[in-house]
Amino acid sequence: AQSVSQHNHHVILSEAASLELGCNYSYGGTVNLFWYVQYPGQHLQLLLKYFSGDPLVKGIKGFEAEFIKSKFSFNLRKPSVQWSDTAEYFCAVRGAGSYQLTFGKGTKLSVIP
Amino acid sequence: EPEVTQTPSHQVTQMGQEVILRCVPISNHLYFYWYRQILGQKVEFLVSFYNNEISEKSEIFDDQFSVERPDGSNFTLKIRSTKLEDSAMYFCASSTTTGELFFGEGSRLTVL
């Protein structure tokens with residue numbers, strides 16, 4: 001069975017600080033990888049996804065993530081965070097061809113102005 | 001921008017009662033899903049639905065749960081006899097293929 005670990009439960013940063021949120025997964029085959037964001041009171045929104053090709057993927061709002069197959073990791077990065085990035089971030093994995101998306105526990109990001 | 005809509009946003013029910021959560025997926029999507037998130041825990045997969053049948057389901061999705069697409073637009077999750085541990089936020093999602101899932105805002109279920 002696939003699983004996803006997000007190592008940080010709550011991250012607090014000042015505006016303009018750089019962000020890296022860790023995500024590791026376990027799955028034996030080809031995977032599709034996702035980062036979703038949930039702003040307070042809103043639904044889950046896709047930030048970025050990786051299916052194949054360039055392991056460095058760029059998403060919306062200046063976010064990017066790098067798929068490192070050897071480390072089973074898909075860390076999310078942003079060079080300079082803003083107060084509006086305050087939200088909960090979820091990493092998710094799906095076996096290629098499967099319908100089931102497995103989520104990590106989420107990382108709450110608080111950005112202090 | 002098209003979106004997935006869910007009703008009700010919050011439902012409070014007594015243990016043992018039946019509950020139906022409703023979802024209107026994005027109109028050209030063919031794959032439909034239910035996920036749930038118990039407070040403080042992970043978002044968990046419940047079931048996926050394609051071509052009018054369940055395509056995949058998790059261990060959580062036992063005989064108390066059922067899904068239906070009663071007409072061309074709605075996708076419902078029924079919990080036959082609710083238990084306290086069914087209290088959670090239930091998210092509906094849809095997709096065009098097994099690609100990006102678009103989520104609704106969720107229905108909070110509180111079982112007393």
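Chain letters run A, B, ... following the sequence lines, proteins first and then strands; every chain starts at 1. Any value given below was found using the heavy atoms of this structure, including those in side chains, with hydrogens, waters and symmetry copies removed.
Among the candidates B/M89, B/E44, B/K42, the residue making the largest number of heavy-atom pairs closer than 4.5 Å to chain A is B/K42. Between chain A and the residues B/G104, B/G106, B/S55, the most heavy-atom pairs under 4.5 angstrom are made by B/S55.
Put simply, the side chain of B/Y50 never gets that close to the backbone of A/Y99: no donor and acceptor are under 3.5 Å apart.
Taking all atoms of both residues into account, the shortest heavy-atom contact from B/F103 to A/L101 is CZ-CD2, 4.5 Å.
The cluster map of Ile, Leu, Val, Met, Phe, Trp and Tyr, joined by side-chain heavy atoms under 4.5 Å apart, puts B/Y35 and B/V4 in different clusters. Follow the hydrophobic side-chain contacts under 4.5 Å out from B/I60 and you reach B/L77 in the same cluster. In the hydrophobic clustering of ILVMFWY residues, with side-chain heavy atoms under 4.5 Å counting as a link, B/F32 and B/W34 come out together. Residues B/F75 and B/I54 share a single hydrophobic cluster, defined by chaining ILVMFWY side chains whose heavy atoms lie under 4.5 Å apart. Following chains of ILVMFWY side-chain contacts shorter than 4.5 Å, one cannot reach B/Y31 starting from B/L21, and the two form parts of different hydrophobic clusters.
Neither the backbone nor the side chain of A/Q6 comes within contact range of chain B; no heavy atoms are under 4.5 Å apart. Contact of A/K105 with chain B is made through backbone and side chain together, with heavy-atom distances under 4.5 Å.
Atom CD of B/E59 has 12 or fewer heavy atoms from other residues, nucleotides or ligands within 6.0 Å. Counting non-hydrogen atoms of neighbouring residues, nucleotides and ligands closer than 6.0 angstrom, the NE2 atom of A/H9 reaches no more than 12 such neighbours. Within 6.0 Å of atom CG in B/D63, 12 or fewer heavy atoms from other residues, nucleotides or ligands are found, so the atom counts as exposed in its surroundings.
For the atom pair B/Q41 CD and A/F103 CZ, the distance stands at 15.0 Å (nearest 0.5 Å). Expressed to the nearest 0.5 Å, how far CG of B/L101 lies from CD of A/Q45 amounts to 14.0 Å. Between B/T5 atom OG1 and A/H43 atom NE2 the span is 11.0 Å, to the nearest 0.5 Å. Put simply, CZ on B/F45 and CZ on A/R94 are 10.5 Å apart, with the number rounded to the nearest 0.5 Å.
When side chains are defined from C-beta on, B/Q37 counts as touching A/F90, because their heavy atoms get closer than 4.5 Å.
Side chain to side chain, B/E56 and A/S98 meet the donor-acceptor criterion of an N or O pair below 3.5 Å.
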